[in-house]
Every structure is written in C-alpha cells, then in structure tokens.
Amino acid sequence: MPTVTLRKTRETRVRAGHPWIYASEIESVDGAFENGDIVDLKDFRGKFIGRGFYNPQSQISLRILTRSDEPCDRAFFTRRVQDAWSYRQRLCDPMSCRLIYSESDFLPGLVVDKFGDTLVLQSLSLGVDRIKDMLCDILMEVTGATGIYERSDVPVRRLEGMQLTTGLLRGEVPDVVEMAENGIRFMVDVKNGQKTGFFLDQKENRAAIKPLCGGAEVLDCFCHNGSFSLHAAKYGAKNVLGVDISEEALDVARANARLNGLENVAFEAHNCFDHLRELTDAGAQYDLVILDPPAFTKNKAALQSALRGYKEINLRGLKLVRPGGFMVTCSCSQHVLPEMFQNMLNEAARDAKKRVRLVEYRTQAKDHPLLPQAVETKYLKCMILQVME
C-alpha cells in the first residue's frame, strides 16, 4: 500500500485525534497511487498512525478513515454505516435525521440525510466518490431505504478536483418528500431545495423555543421554508411573521403552514437587513425575535465583514424585543467561533442599550455529532437570550 510520511514537526495535532492532514504537513509519499486511493500514514520514524483517503490535489490531502491496521474493504464500510445508523436509532428520530455526518461518523467526505424512506447523499471527497456505488449499496441494505438521490452540487467538490453533480442513484425518489419534525409536517424538496432540501441541524433548537411561544407575537427573520416559524405557531404563538428574501422559499413555507393547518403564521418577502431596520425605525415590538441567517462567511478572509453583519442584525433584533421578551440568535458560520459570537452579541447589546441574560447556549442536534479533537465539526451556535431594558 502507498505510504504518506508526516514531517517531523507536524504530528501533534493528528496524534491528538484530528482527522485531517494538510499538504504542508507531508514529508514524502512512497509507492504508486491514484488520487482518492486509500493509503497508509506514518510518522517520520516510520511508525503507523492510520489509514485514509489521499488526494494531493486538495489542501486537505489526507482524511483519516481508521487508526487501526485493518483492511478498508466492503466489510469495513458496512460496519461504519451500521454504527452510524445504530447511533441515530438510539438518540435521534430515524425518520428525519442526518444519517452520516462525514468525519464525525468516521466516513470523511460523506454526508447522508434521511427523510422518511428517502436518502439524500453528498459526496464531498474524491475518496468517497470513487467508492460511491458500494456505499449506496450498503446504505440501501442497512437502512431499507426506497431510494437515494445525490445532491453533490456544492462548490467544495471543486477543491477535490471534482465536478458538481446531482441525480438519482438508487431506487425511486419523489420530487417532494414528506417528513415530520417534532410533530410538525414538512414537504422537503430533495432535488432542488438548498443543500439536501432541509436544515436538520436546528431540530432540537426549534423544539427548545416551545416555552417562549405561548401567546407571543413572533418575528422570524431569514425564515427560509418556515421551520422556526411553524414551530412557534404550533407552540401557541398569538401570531408569527416569517421573513425571507426568497419568494420561492416562502411559497414552500406557506404550503407547509397549510399542511399543518396553521393560520396564525404569515410570510413576507423582504431583504432581512433592510426590513429589520424598517421595523426598528417604525418602533415595532415582539415577544420573541428569531434570527437564523445563512452563513455570512465561508472563509477566514471575510470574518470581520461577517461579524459586522451579525452585529447589525442582532442590534436591530434586540431593539425589537419587548422588555422581558426573548431573542433566539444563530450562526452557522464555522469560522465564527463561539467566543467571537458572544463578544459580538455583547457589543450589540451595549449599542442597543439593552441588558441581556443567557437562557441557554445550544449547538447542532445530536445527529450532527461533534469530534472534540476537531473544532471544524462544531459550527452551529444558537443562543437564547432574555432581553431587558
């Protein structure tokens, strides 16, 4: 088997459990290989460290599959999928969950979401792409799914030297799949919706707003398909206004509201930055404000700009909360670390002349498990704040 040898000074992080090896950390490569092959990883003394996918075209050149000297064959990948499925069956709703979360399930570069009996797959590394057919067979066998649809239309594939692609991989997949989350029904557009069609990582955070909703007037900004909005309406809000820039997304939100018979929720298309300013200028007030924007940055270079954007919407959001009311504020930007997010909120509260207290700090749902050794697996921040004068 081909062997990748680490530079002498670059062993600490991988020894501590991080699953990635960067191109700059590699001293040499011995043996013939093709990009995406599984290779051995050794330290500068020649001691075995692990085995994983190797693709020198990517800055993340090696992704560790195992730290044991074991064959990475079909039986190996079957065990990995079975372990991931058993975890979801024990801790999550197996009918709506992220079934495979890449490195956190020790299958680097593979993401699979499960909506009912339909699986939606993203192949994000060349190593996974080369064994995709085998993985699809295993997924069908282990889960009993009726179909797999591929949504590998994400730009990160280009960093691995791959083209963007979508399409049916196995069985039958309808254009729209119905699923339930926390007892609320949603229609999921797995073929054309954002990413895999639905953002499952906020499931537990959406359930956590229940105590805040009874009789409340609610504003949900960046609402997309209305997932937070519908939860608030279902949990007894007096009225809910969901706002998003995409009329297409709001059409789905309205359909989901009708599906659940919810008449206390409405949706309007606005630029949320502008609309938050308009609402504060008009002196509007709400009992609960929810801010769940898309990622404001995909890289460290745009970090300061992202933080300014977060501060702007949070300052406006705080001003819109009645004294004693609540704000739920989120960030899915990986490069905005929790302490950065907290510092931004402190500055926003100061400038808004509001006192706040943290009710709860939350992160992604259990079907998006974290690797303590890899900060990259923890990206979602969700803070529930009470806002005082």
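None of these values were measured; they are calculated from a predicted model.
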Inset, instruction - Report the relative orientation of the aromatic rings in F273 and F222; use parallel for angles under 30°, tilted for 30 to 60°, perpendicular for over 60°. - result: perpendicular
Inset, instruction - Using distance alone, with no hydrogens and no angle criterion, decide if D117 and T146 have a side-chain donor and acceptor under 3.5 Å apart. - result: no
Inset, instruction - Please determine, by modelled atom types, if T280 and R316 share a side-chain donor-acceptor pair under 3.5 angstrom. - result: yes
Legend entry - Between Q386 and R357, a side-chain donor and acceptor under 3.5 Å: yes
Legend entry - Distance-only donor-acceptor check, side chains T166 and D153, under 3.5 Å: no
Legend entry - Side chains of E278 and H270, donor plus acceptor under 3.5 Å: no
Legend entry - Pair E347, N343: side-chain N/O donor-acceptor within cut-off below 3.5 Å: no
Inset, instruction - Please determine, by modelled atom types, if N314 and T329 share a side-chain donor-acceptor pair under 3.5 angstrom. - result: yes
Inset, instruction - Please name all residues satisfying side-chain contact (heavy atoms from CB on, under 4.5 Å) with S125, sequence neighbours left out, ordered by chain then number. - result: F53, R63, V128, E160
Legend entry - Any residue meeting side-chain contact (heavy atoms from CB on, under 4.5 Å) with R185, in chain and number order, not counting sequence neighbours: E178, L259, N260
Inset, instruction - Compute whether any side-chain donor of one residue and acceptor of the other, for T165 and Q163, lie under 3.5 angstrom apart. - result: no
Inset, instruction - Determine, using the 4.5 Å side-chain heavy-atom cutoff (strictly less than), whether V81 and I148 are members of one ILVMFWY cluster. - result: yes
Legend entry - The single option from D113, D367, D201 passing side chain to side chain donor-acceptor pair (under 3.5 Å) against R98: D113
Legend entry - Side chains of N299 and H335, donor plus acceptor under 3.5 Å: no
